[in-house]
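A short write-up of the structure that comes next.
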Amino acid sequence: MERTLSIVKPDGVARGLIGEVIKRLEQNDLKIVAMKMIYLSLAQAQGFYAVHKDKPFFESLTNFMISGPVVVMALEGERAIARYRDLMGATDYRKAAEGTIRKDFAKEIEKNIVHGSDGPESAASEIGYFFNRLELVA
Ligand code: ADP
Ligand code: MG
């Protein structure tokens, strides 16, 4: 069993795609073990994306992430990290496989609907960034 962090980004929330994302998680045996809607501060968004702080898109990305509320979830399942990345599709929606969330809904490389952890270390630290142990069920 593995856990991973999922975020429905501000574009996904604003476009009414929370339910669509959750439906795909549930249909693919990714169990939601924690969930909340939050409005990130700039400092919180910068902290979350600290690994990208030297990238040219960092300022734009962090401002996008505070442009509206987000839905943050911890997911659990067999190979949850990789299986959720497969459901999301490639970062660039133009390169994402058919039937993935990003292929089906994203319109820009930055505004790509969802976030997902990229490995066991980032999953653990990202879940811990948003949830304490009491908030994780199961
Ligand atoms: P992923 O979300 O697929 O793990 P990254 O960790 O590489 O992708 O990037 C984090 C987020 O930064 C992406 O989801 C996207 O919103 C944004 N991003 C990545 N690359 C670019 C880019 N070249 N231009 C603009 N935004 C980008
Ligand atoms: Mg990433």
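Note that ligands are numbered from 1 as they come in the structure, with each ligand's atoms numbered from 1 the same way.
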Output for ligand 1, non-hydrogen cut-off under 4.0 Å, lists K9, Y49, H52, F57, L61, R85, T91, R102, I109, E110, N112

Members other than I109 in its cluster, when Ile, Leu, Val, Met, Phe, Trp, Tyr link by side-chain heavy atoms under 4.5 Å?
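Reading the cluster by chain and number, I109 sits alone, since nothing else belongs.
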
Return yes if some donor-acceptor pair links the side-chain N/O of R102 with the main-chain N/O of V114 below 3.5 Å, else return no.
yes

By side chain to side chain donor-acceptor pair (under 3.5 Å) - contacts of Q46 (at least two apart)
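Applying side chain to side chain donor-acceptor pair (under 3.5 Å) to Q46 gives none.
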
Residues in salt bridge (Lys or Arg N to Asp or Glu O under 4.0 Å) contact with R24, at least two apart in sequence or another chain
E20, D104

d(Y93 OH, N112 CG) to nearest 0.5 Å is 10.5 Å

Minimum heavy-atom separation for P10 and M65, please, with both atom names.
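Smallest interatomic distance, heavy atoms only, reads CG-O, 3.6 Å.
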
